[in-house]
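Reviewing the structure listed below.
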Number of protein chains: 2
Amino acid sequence: MADINLTAKLADLANRSSASGTARPASAPEPAWDIIELLFFAYRDFVGDPDEVLAKLGFGRAHHRVLHFVNRNPGMKVADLLDILKITKQSLGRVLKQLVDQNYVLQKEGANDRRQRLLYVTPKGEALALKLAGLQTTRIARALAELGPGTHDVARRFLTAMLDPAGRDRVLRLIARADHARRPNT
Amino acid sequence: MADINLTAKLADLANRSSASGTARPASAPEPAWDIIELLFFAYRDFVGDPDEVLAKLGFGRAHHRVLHFVNRNPGMKVADLLDILKITKQSLGRVLKQLVDQNYVLQKEGANDRRQRLLYVTPKGEALALKLAGLQTTRIARALAELGPGTHDVARRFLTAMLDPAGRDRVLRLIARADHARRPNT
DNA sequence: GATTTATGTCAGCCATATTGACATATTTCG
DNA sequence: CGAAATATGTCAATATGGCTGACATAAATC
């Protein structure tokens, strides 16, 4: 009940138009303070669960990101990973080396192109990736269960709409392709 | 059209149960890959807009967070800010000092308790805070406009539900109080 | 007057990111 | 074939933004 009241109150506050005399130019719309701050806190909590597990292993978020995308896209090239993460190969280098050295990720020479080092998770790596994804899924499932059925779809469409329109299709294709790729046993 | 098709395809993929033979234990639910990855990319884009502006000023995300919360909660104590950001005072110190030195934030001695250094944005600071919030609001408004009316409320409830239940009321109170605090002219 | 509180600061460490330059192996193209 | 482009890795230096621990100061509180 407390939640519901607070949420309603918040909605009320955010929807009413400003009557103040702040310096905000009349041309600009009222900032969406509620969504801005909720996104900040929600994202922090969202990555907080994995962070705890990772910290015990001596890993950080960088390791999580690498492990996540390699698990989701087995056989991906190093260049693909750099492109997704939008970091430099020097930054990736250290993190990837640790994951390889500790047997979470392995690199195979490309069959066609032997310059490539295709990336795969080991069983150990998959287990960790699934553990971390499980934590986040638990949070998501709880959230979606709190709201009505059909919320999964709305949430997905909201988050999709928040993406840069320019890169949107690329992201959606990445997600869809990863869903495909992992269906057959490798 | 491309978007809609891809979104529908994505929904289809995510909702169908796994038929693969991966190492995921039967007890665990299927990871919500779509929400996990969309949240990652959406959040990145969301903070990407401010990042560009900040970079030109020689600031980073840390400065943004400080400026944002001081703007939203004028007169807040340093201790309050530390508590919201969940960082140490040493980390805050550097960033805050730069904002104060460059006249984005000012500190006033507390009227009751003269040990306190209450934090306020200057007009310059408010202008920047509003500029950054404006960029994010534009993205949010675009997203909400793409989806139907009433989506603002669903998005807010979804993000609220994603918060740690333990700290949820605290976050909602913070947001609601900030909305109040800035109504009257200071 | 002693203790606690609010804040600031010094010193050093760590993780993760950056740029630029260069090395190696391999593929591709003229 | 040989040159150029590509995929990857690595060395060195630098920046940001976190962290811990120790200590200092001023003011409030007991």
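Throughout, a chain's letter reflects where its sequence line sits, starting with A, and its residues are numbered from 1. Keep in mind that this is a model prediction, so the values were computed, not measured.
Between the K131(A) side chain and the V53(A) main chain, no donor and acceptor come within less than 3.5 Å of each other. When atom types are taken as modelled, the side chain of D45(B) and the backbone of L163(A) share no donor-acceptor pair closer than 3.5 angstrom.
Across the protein-nucleic acid pair, L99(A) atom CG and dG9(D) atom P stand 13 Å apart, rounded to whole Å. Rounded to whole angstrom, the span from the CG atom of N112(B) across to the P atom of dT5(C) amounts to 18 Å. Spacing between atom CG of L96(B) and atom P of dT16(D) amounts to 17 Å, rounded to whole angstrom units. D113(A) has its CG atom 12 Å from the P atom of dT6(D), to the nearest Å. For the pair K86(B) NZ and dC19(D) C1', the interatomic distance rounds to 17 Å; values are reported in whole Å. Counting to the nearest Å, the P atom of dA7(D) and the CG atom of L119(A) are 14 Å from each other. Protein atom CG of L54(B) is 13 Å distant from nucleotide atom P of dT16(D), rounded to whole Å. Rounded to whole Å, atom C1' of dC10(C) lies 12 Å from atom NZ of K89(B).
Residue R94(A) has no polar side-chain atom (N or O) positioned under 4.0 Å from OP1 or OP2 of dC14(C). Considering only side-chain N and O atoms, R114(A) lies under 4.0 angstrom from the phosphate OP1 or OP2 of dT26(C). The side chain of T88(A) places no N or O atom within less than 4.0 Å of a non-bridging phosphate oxygen (OP1 or OP2) of dA17(C). Contact annotation: Q90(A) does not reach the phosphate of dA13(D) (side-chain N/O to OP1 or OP2, under 4.0 Å). Between dT8(D) and R117(A), no contact under 4.0 Å exists linking OP1 or OP2 to a side-chain N or O. The phosphate of dT5(C) has neither OP1 nor OP2 within less than 4.0 Å of any side-chain N or O from Q116(B). A sub-4.0 Å separation between OP1 or OP2 of dG17(D) and a side-chain N or O of S91(B) is absent.
Salt bridge status for D83(B) with K77(B): absent, with no side-chain N to carboxylate O gap under 4.0 Å.
You'll find that the side chain of K77(A) is closest to dT8(D), out of dT7(C), dA17(C), dT8(D). Closest to the side chain of R115(A), from the set dA26(D), dT8(D), dT26(C), is dT26(C).
In terms of heavy atoms, A178(B) sits closest to N73(B) at CB-OD1, 3.4 Å.
Looking only at atom types and distance, the side chain of H152(B) has a donor-acceptor partner in the side chain of D34(A) under 3.5 Å away.
No engagement by Q98(B) is indicated, since no non-hydrogen atom pair under 4.0 Å with the nucleic acid exists. Using a 4.0 Å heavy-atom cutoff across all strands shown, E109(B) reaches no nucleic acid atom at all. Backbone-only engagement by G60(A) is indicated by non-hydrogen atom pairs under 4.0 Å involving sugar-phosphate atoms exclusively.
Taking for each of R61(A) and K97(B) the nucleotide of DNA chain C with the nearest heavy atom, the 5'-most of the two is the partner of K97(B).
In this pair, F46(B) and Y43(B) present their aromatic rings tilted. The plane angle is within the 30 to 60° band.
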